[in-house]
Amino acid sequence: MTLTEFLTARLDEDEARATAAALRRREGPDATSSSELDRAFTPARLQAEVEAKRQLVHLAYEATGLDMDKDLDRDVDAREVSGIEFVGERMLRALALPFADHADYREAWRL
């Protein structure tokens with residue numbers, strides 16, 4: 001499983017939770033918790049967050065590809081040799097941090 005696949009799966013899970021929470025909220029006030037956290041993280045907000053993160057995953061993947069193209073145009077050592085990571089890869093690792101306690105998370109992804 002790649003880091004992009006891992007992040008996409010976690011976003012799919014968050015999206016499913018948001019949809020389920022929205023359905024529960026429609027069932028009436030007794031069907032949901034009234035905690036402050038529950039009110040702050042509404043299903044609509046979580047849906048918007050999931051969509052924003054999906055776009056970031058896509059953009060980070062594209063950024064890595066652009067970095068790779070640029071490296072091929074310059075006379076430099078490979079990134080593996082230099083130790084400098086692609087910006088997109090670093091972005092993906094940052095997006096994965098909230099899921100560090102997930103069974104499929106790999107410690108190698110940690111920043």
Quiz item: Is any side-chain heavy atom of F6 closer than 4.5 Å to a side-chain heavy atom of H102?
Solution: yes
Exercise. Check whether any side-chain heavy atom of R54 sits under 4.5 Å from a side-chain heavy atom of E51, and report yes or no.
Key: yes
Quiz prompt | Nearest heavy atoms of L95 and L56, plus distance in Å | solution = CD1-CB, 3.9 Å
Exercise. Over all heavy atoms of both residues, which pair between L97 and Y105 is shortest? Give the atoms and the distance, please.
Key: CD2-OH, 3.8 Å
Practice problem: Quick one: pull up OG1 in T8 and CD in E13 and give me the separation to the nearest 0.5 Å. | Solution: 11.0 Å
Self-check item: Sub-4.5 Å side-chain heavy-atom contact between T2 and W109
Solution: no
Quiz prompt | Minimum-distance pair of heavy atoms, taken over all atoms of Q47 and T19 | solution = NE2-OG1, 3.1 Å
Exercise. Kindly compute the distance separating CD (E5) from CG (L7), expressed to the nearest 0.5 Å.
Key: 10.5 Å
Self-check item: Closest approach of L46 to D14 (non-hydrogen atoms, all atoms of both residues)
Solution: CD2-O, 3.8 Å
Practice problem: For the pair R110 (side chain) and A100 (backbone), establish whether a donor and an acceptor sit closer than 3.5 Å, ignoring hydrogens and angles. | Solution: no
Quiz item: Closest heavy-atom contact between L11 and K53?
Solution: CD2-CB, 3.6 Å
Quiz item: Do you know which two heavy atoms are closest between A108 and R93, and how far apart they sit?
Solution: O-NH1, 3.1 Å
